[in-house]
Amino acid sequence: MNSRQPHVDWDLLFGENYDHFDFPDLAPELSEREAASIVKLAGLERGMTLLDAPCGHGRHANILASQGHSVVGVDRDERFLAMAADEARTMGVDVDYRRIDLREMSFDAEFDAAVSWYSSFGYFDDETDRDILRRYRRALRPGGRFLLDMHPLYRHIPSLLANHERHVDVLHRGEDLAVEIQELDAEASRYYSEKVTIRDGKVERARFSVRMFTAPEILEWFRTAGFSEARVMDEHGGTFTVGSRRLVVLGTA
């Protein structure tokens, strides 16, 4: 049995190295496409109240607010929230940004919809993650919808089998390098990852783990969290298959 416990080096993962290595891939065009997917898959209509949690630096929340939605964005990271608020002012949109840890959300039937996008769920132990899912459910009005986007369990299995049960991603930014090494704990259904960055000659290591789900398992989690209905789909709203790039779940309160 693997004795490793869920853990995330939050400040290392989402500090200046995140800005340097990851931000260039999060282009405005990508955010626009993802926001359009959120609207389509969640069935959002103009004027709806929306919870974006965690909202990160607001790249979806601000776009959705510009389309006429009333958006509350929550995140644990003050730096990201400041970036989100600055961008909102630049765009001339109004988003209610709040510093709240997902584990402490206490909304009660306040939203028509909620969204967790870009693999932002599953970073704690199962008991805590189930409680977070219940908090999303409680945040919704009757009939409200929760859209959850995740990596599928099957995504890296071919690479794991071909590379001694490890998957490795390598990213270059000029002379700088980021290497992410992932191992799958099959018993816990959890990826354990180490991200090593080499920037200006300085080496930094950040570790995290994330829970992975089969479709039947995540649907069971939604049902026990109190959702009346839930279904899985791929990132386009089509049938979820072994080859799907994303696992998307839509739950109805």
Side-chain angles (χ1 to χ4, degrees), residues 1-15 18 50-57 60-61 72-81 97-111 113-140 144-153 155-156 180 182-195 205-228 230 232 246-253:
M1 178 179 290
N2 194 320
S3 62
R4 290 180 293 187
Q5 298 298 312
H7 172 77
V8 180
D9 293 326
W10 295 109
D11 294 334
L12 290 175
L13 278 173
F14 298 108
Y18 181 85
L50 173 66
L51 173 64
D52 185 1
C55 63
H57 54 283
H60 299 126
V72 173
V74 307
D75 204 279
R76 65 176 298 278
D77 194 311
E78 285 186 297
R79 190 175 70 93
F80 276 179
L81 290 170
Y97 285 113
R98 309 181 193 180
R99 188 186 183 199
I100 302 176
D101 190 297
L102 296 181
R103 295 167 290 184
E104 299 171 354
M105 290 192 300
S106 58
F107 302 107
D108 186 11
E110 299 178 40
F111 299 97
V115 61
S116 172
W117 199 262
Y118 205 58
S119 301
S120 298
F121 179 77
Y123 289 90
F124 304 101
D125 59 71
D126 279 9
E127 181 180 356
T128 303
D129 283 330
R130 281 185 180 273
D131 181 65
I132 290 171
L133 193 55
R134 288 191 292 268
R135 290 173 186 269
Y136 280 115
R137 166 61 186 86
R138 287 198 296 269
L140 297 172
R145 296 183 287 273
F146 174 46
L147 188 69
L148 175 63
D149 159 74
M150 298 181 289
H151 286 306
L153 171 63
R155 182 183 180 197
H156 293 324
E180 186 172 323
Q182 298 182 342
E183 298 178 56
L184 176 62
D185 179 348
E187 289 187 354
S189 194
R190 178 176 290 272
Y191 274 113
Y192 287 88
S193 298
E194 180 179 30
K195 188 172 184 178
R205 298 174 182 270
R207 294 174 175 85
F208 68 97
S209 70
V210 61
R211 183 69 152 80
M212 309 301 291
F213 295 89
T214 64
E217 185 178 28
I218 191 61
L219 290 174
E220 185 273 331
W221 276 44
F222 267 67
R223 285 191 292 270
T224 58
F227 288 89
S228 62
V232 298
R246 309 293 297 178
L247 170 58
V248 180
V249 191
L250 180 64
T252 302

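Computation of the quantities below employed the complete heavy-atom set of this structure, encompassing side-chain atoms and omitting hydrogens, waters and symmetry-equivalent molecules. Source: prediction; values computed, not measured.
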Asks: So, taking the atom named CZ in Phe146 and the one named OG1 in Thr252, what distance separates them when rounded to the nearest 0.5 Å?
Replies: 12.0 Å
Asks: Side chains of Phe227 and Val249: does their closest heavy-atom pair fall under 4.5 Å?
Replies: no
Asks: With heavy-atom distances below 4.5 Å as the criterion, would you say the side chains of Ile132 and Thr128 are in contact?
Replies: yes
Asks: Can you confirm whether Leu51 sits close enough to Met105 that some side-chain heavy atom of one is under 4.5 Å from a side-chain heavy atom of the other?
Replies: yes
Asks: Are any of the side-chain heavy atoms of Arg76 and Leu102 separated by less than 4.5 Å?
Replies: no
Asks: How far does CD of Glu194 sit from CG of Asp9, to the nearest 0.5 angstrom?
Replies: 9.5 Å
Asks: Can any side-chain N or O of Ser120 pair as donor or acceptor with the backbone N or O of Ser116 at less than 3.5 Å?
Replies: no
Asks: Measuring from Phe121:CZ to Asp129:CG, what's the distance to the nearest 0.5 Å?
Replies: 4.5 Å
Asks: If we check side-chain contact (heavy atoms from CB on, under 4.5 Å) with Tyr191, which of these qualifies: Met212, Glu183, Arg155, His151?
Replies: Met212
Asks: Output yes when a side-chain donor or acceptor of Arg137 lies under 3.5 Å from a complementary backbone atom of Ala225, and no otherwise.
Replies: no
Asks: Can you name the nearest heavy-atom pair linking Leu12 to Ala206, along with the distance?
Replies: CB-CB, 3.8 Å
Asks: With no hydrogens and no angle check, is any side-chain donor or acceptor of Arg135 less than 3.5 Å from a backbone partner on Arg103?
Replies: yes
Asks: Is there a side-chain contact between Val74 and Phe107 (heavy atoms, below 4.5 Å)?
Replies: yes
Asks: Taking the side chain as C-beta and beyond, is there a heavy-atom pair between Trp10 and Asp77 under 4.5 Å?
Replies: no
Asks: When rounded to the nearest 0.5 angstrom, what distance separates CG in Leu133 from CZ in Arg138?
Replies: 10.5 Å
Asks: When rounded to the nearest 0.5 angstrom, what distance separates OH in Tyr18 from NZ in Lys195?
Replies: 8.0 Å
Asks: Using a 4.5 Å cut-off on heavy atoms from C-beta on, say whether the side chain of Leu153 contacts that of Ser189.
Replies: yes
Asks: Can you list the steps and then say if Ser209 with Gln5 is a side chain to side chain contact (heavy atoms under 4.5 Å, CB included)?
Replies: CA-CA 8 Å; Ser209 70; Gln5 298 298 312; over 6 Å; no
Asks: Salt bridge or not for Arg130 and Asp126, using N-O below 4.0 Å?
Replies: no
Asks: Of all the heavy-atom pairs spanning Tyr118 and Asp149, show the shortest one and how long it is.
Replies: N-OD2, 2.7 Å
Asks: Can you name the nearest heavy-atom pair linking Pro6 to Tyr192, along with the distance?
Replies: N-OH, 4.2 Å
Asks: Taking the side chain from Asp75 and the backbone from Pro54, do they hold a donor-acceptor pair closer than 3.5 Å?
Replies: no
Asks: Kindly give the heavy-atom pair with the smallest separation between Arg211 and Trp221, and that separation in Å.
Replies: NH2-CZ2, 4.1 Å
Asks: Give me the atom names and distance for the closest heavy-atom approach of Met150 to Ile218.
Replies: CE-CG1, 3.9 Å
Asks: Which value, rounded to the nearest 0.5 Å, describes the distance between Ser228 atom OG and Phe222 atom CZ?
Replies: 11.5 Å
Asks: Taking the side chain as every heavy atom from C-beta outward, state whether Cys55 and Phe80 have any atom pair closer than 4.5 Å.
Replies: no
Asks: For Tyr123 and Phe208, take the angle between the two ring planes, folded into 0 to 90°, and tell me which bin it lands in: parallel under 30, tilted 30 to 60, perpendicular over 60.
Replies: tilted
Asks: Write down the atom of Arg223, the atom of Pro216, and the distance for their closest heavy-atom approach.
Replies: NH2-O, 4.4 Å
